[in-house]
Colleague: 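Could you have a look at this structure, given as structure tokens, before my questions?
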Amino acid sequence: MWLWILAVLLLLFSNTDVWYFLRGAVVVLRAYFQPPVWDVLAEQRRSGRVLPHDIDFMGHMNNARYLRECDFARFSLYTRNGMFKAARALGANMVVGASTVRYRRSLHLGEPFELRSRVLAWDDKAFFVEQRFVSKVDGFLSAIMLCRQNILRSSPDQIMQHLCKRKVESPEFSEELQHWISYNNASSQALKAENSPDGKLQ
């Protein structure tokens, strides 16, 4: 019996990122039992520390781990501000449509950090989220990520109306955010042309 259990666990852990799903569930459950954040635009903060499984050959945090930490922070953000609940009520899905990370200084093994996440703005298709990694050693902004959270089968406006029970206008887009959106749009158009049989936009 124990050999069968061990074999199943071995198969599961060798073919599935079990720790990702377990941690994701824990993050959402923990956020669910924390006080709700009624201001959708409010910055939310999560503490973390660079652990041995986070580091790369250089001894600092693996680039991919930043994105993973951002995933968990958004899970908490959307749970506490009600966006997950609103999306579920509207039959919508939330998927990442684009993300860009700027690395400014490495986070090293054992270094504590704070991940600060906030919704910046939204358009007719997506929310735009900023996430900042701030070292707790000296307060230095080590990395910053921009994320486009696409809304499928609904819209950001409908989600905001569901949450606030009224029409809510998006904050103004910063110049930096506008440049980033323009880049993504240009990339999308170029890829559409690349995949078109005659090389023209469809």
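FYI, the numbering just counts along the sequence from 1.
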Colleague: Under the 3.5 angstrom rule, does the side chain of Glu43 hit a backbone N or O of Arg118 as a donor-acceptor pair?
Modeller: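 No; judged by distance alone, with no hydrogens or angles, the pair does not exist.
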
Colleague: Test your reading of the model: is there a side-chain donor-acceptor pair from Ser187 to the backbone of Tyr183, 3.5 Å cut-off?
Modeller: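 No, because the side chain of Ser187 does not come within donor-acceptor range (under 3.5 Å) of the backbone of Tyr183.
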
Colleague: Please name the pair of heavy atoms, one in Ser117 and one in Leu77, separated by the smallest distance, quoted to 0.1 Å.
Modeller: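 Distance-wise, the nearest heavy atoms are O-CD1, 3.9 Å.
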
Colleague: Could you check whether the rings of Tyr20 and Phe72 sit parallel, tilted or perpendicular, using 30° and 60° as the cut-offs?
Modeller: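 Correct class here is tilted.
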
Colleague: Please report the shortest heavy-atom distance between Leu109 and Pro52, naming the atom on each side.
Modeller: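 Residues Leu109 and Pro52, closest heavy atoms: CD1-N, 3.6 Å.
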
Colleague: Under the salt bridge (charged side-chain N to carboxylate O under 4.0 Å, His left out) criterion, do Lys192 and Glu194 qualify, and how do the steps go?
Modeller: CA-CA 5 Å; Lys192 287 179 181 178; Glu194 183 179 309; over 6 Å; no

Colleague: Between Phe84 and Phe75, what is the ring plane arrangement, given parallel below 30°, perpendicular above 60°, and tilted in between?
Modeller: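 Tilted.
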
Colleague: Is there a donor-acceptor pair under 3.5 Å between the side chain of Tyr32 and the backbone N or O of Thr79?
Modeller: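 Not at all, since once roles are kept as given, no pair shorter than 3.5 Å links the two residues.
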
Colleague: Is the side chain of Arg45 donor-acceptor paired with the backbone N or O of Leu115 at a distance under 3.5 Å, no angle test?
Modeller: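 The answer is no, because no donor-acceptor pair under 3.5 Å joins these two groups.
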
Colleague: Step by step, would you call Arg132 with Glu130 a side-chain contact (heavy atoms from CB on, under 4.5 Å)?
Modeller: CA-CA 7 Å; Arg132 297 180 169 216; Glu130 178 190 81; 3.0 Å; yes

Colleague: Quick one: does any side-chain atom of Gln161 pair with a main-chain N or O of Gln158 as donor and acceptor, under 3.5 Å?
Modeller: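 Checked: no pair found.
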
Colleague: Could you state whether Val101 and Phe128 fall into the same hydrophobic cluster, counting links through intermediate Ile, Leu, Val, Met, Phe, Trp or Tyr residues with side-chain heavy atoms under 4.5 angstrom apart?
Modeller: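 In one cluster with Val101: Phe128, no.
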
Colleague: Say whether, by atom type as modelled, one donor and one acceptor occur between the side chain of Arg105 and the main chain of Ser142 under 3.5 angstrom.
Modeller: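 No, because the side chain of Arg105 does not come within donor-acceptor range (under 3.5 Å) of the backbone of Ser142.
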
Colleague: Grab the two heavy atoms, one from Gly59 and one from His108, that are nearest each other, plus how far apart they are.
Modeller: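 Between these two residues, the closest heavy atoms are O-ND1, 4.0 Å.
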
Colleague: Grab the two heavy atoms, one from Val37 and one from Ala42, that are nearest each other, plus how far apart they are.
Modeller: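 Residues Val37 and Ala42, closest heavy atoms: CG1-CB, 3.8 Å.
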
Colleague: Please determine whether residues Val28 and Phe21 belong to a single hydrophobic cluster, defined as Ile, Leu, Val, Met, Phe, Trp and Tyr linked transitively by side-chain heavy-atom distances below 4.5 Å.
Modeller: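 Yes, Val28 and Phe21 fall within the same hydrophobic cluster.
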
Colleague: Check whether more than 12 heavy atoms from other residues, nucleotides or ligands sit under 6.0 Å from atom CZ of Arg102, and answer yes or no.
Modeller: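 Not more than 12 within 6.0 Å, no.
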
Colleague: What orientation do Phe133 and Phe113 show, parallel under 30°, tilted 30 to 60°, or perpendicular over 60°?
Modeller: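 Tilted, since the angle between the ring planes falls between 30° and 60°.
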
Colleague: Evaluate Arg74 against Cys147 for side-chain contact (heavy atoms from CB on, under 4.5 Å), listing each step before the verdict.
Modeller: CA-CA 10 Å; Arg74 289 196 306 277; Cys147 171; 4.0 Å; yes

Colleague: Is it true that atom CD of Glu114 has more than 12 heavy atoms of other residues, nucleotides or ligands lying nearer than 6.0 Å?
Modeller: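 Count over threshold, so yes.
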
Colleague: So does Trp122 get a backbone contact from the side chain of Ser170, meaning a donor-acceptor N/O pair under 3.5 Å?
Modeller: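 Side chain of Ser170 to backbone of Trp122: a pair is present.
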
Colleague: Show, in sequence, the C-alpha distance, side-chain angles and deciding distance for Glu69 and Arg23, and conclude whether the salt bridge (charged side-chain N to carboxylate O under 4.0 Å, His left out) test is met.
Modeller: CA-CA 10 Å; Glu69 290 300 317; Arg23 187 177 172 197; 2.8 Å; yes

Colleague: Could you pull out all donor-acceptor pairs under 3.5 Å where a side-chain atom in residues 7-16 meets a protein atom, sequence neighbours excluded?
Modeller:
unit_1: Ser14; atom_1: OG; unit_2: Leu10; atom_2: O; d: 2.8
unit_1: Ser14; atom_1: OG; unit_2: Leu11; atom_2: O; d: 3.1
unit_1: Asn15; atom_1: ND2; unit_2: Leu11; atom_2: O; d: 2.8

Colleague: Do any N or O atoms from the side chain of Arg104 and from the backbone of Leu141 form a donor-acceptor pair under 3.5 angstrom?
Modeller: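 Between the backbone of Leu141 and the side chain of Arg104 there is a qualifying donor-acceptor contact (under 3.5 Å).
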
Colleague: On a heavy-atom basis, which atom in Gly139 and which in Val134 lie closest, and how many Å separate them?
Modeller: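 So the two residues come closest at O-CG1, 3.5 Å.
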
Colleague: Applying side-chain contact (heavy atoms from CB on, under 4.5 Å), run through Leu191 and Ser188 and close with a yes or a no.
Modeller: CA-CA 5 Å; Leu191 292 173; Ser188 180; 6.0 Å; no

Colleague: Are Leu67 and Leu107 grouped together when hydrophobic residues (ILVMFWY) are joined by side-chain heavy atoms under 4.5 angstrom apart?
Modeller: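 Same hydrophobic cluster.
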
Colleague: Between Ser99 and Leu146, is any pair of side-chain heavy atoms under 4.5 Å apart?
Modeller: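 Heavy-atom side-chain distance check fails, nothing below 4.5 Å.
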
Colleague: Do side-chain atoms of Arg65 reach the backbone of Asp54 as a donor and acceptor pair under 3.5 angstrom?
Modeller: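 Not confirmed, Arg65 side chain does not pair with Asp54 backbone.
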
Colleague: Would Ile144 and Gln131 count as a side-chain contact (heavy atoms from CB on, under 4.5 Å) here? Give the steps.
Modeller: CA-CA 6 Å; Ile144 183 169; Gln131 297 182 272; over 6 Å; no

Colleague: Would a 4.5 Å heavy-atom cut-off, applied to side chains only, mark Val119 and Met83 as touching?
Modeller: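 The answer is yes, as the side chains (C-beta and beyond) meet within the 4.5 Å cut-off.
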
Colleague: Report the distance from atom NZ of Lys85 to atom CD1 of Ile159, rounding to the nearest 0.5 Å.
Modeller: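 CD1 of Ile159 is found 14.0 Å from NZ of Lys85.
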
Colleague: Could you tell me which non-hydrogen atom of Ser106 sits nearest to which non-hydrogen atom of His60, and how far apart they are?
Modeller: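 In this case the closest contact between Ser106 and His60 is OG-ND1, 3.1 Å.
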
Colleague: Inspect the surroundings of NZ in Lys136 and state if more than 12 heavy atoms from other residues, nucleotides or ligands are less than 6.0 Å away.
Modeller: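 Yes, because the 6.0 Å sphere around NZ of Lys136 holds more than 12 heavy atoms from other groups.
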
Colleague: Are Val96 and Val27 linked, directly or through intermediate hydrophobic residues, by side-chain heavy-atom contacts shorter than 4.5 Å (ILVMFWY only)?
Modeller: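 Each belongs to a different hydrophobic cluster.
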
Colleague: Group every Ile, Leu, Val, Met, Phe, Trp and Tyr by side-chain heavy-atom contacts under 4.5 Å, then state whether Trp180 and Met145 land in the same group.
Modeller: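 Cluster IDs for Trp180 and Met145 differ.
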
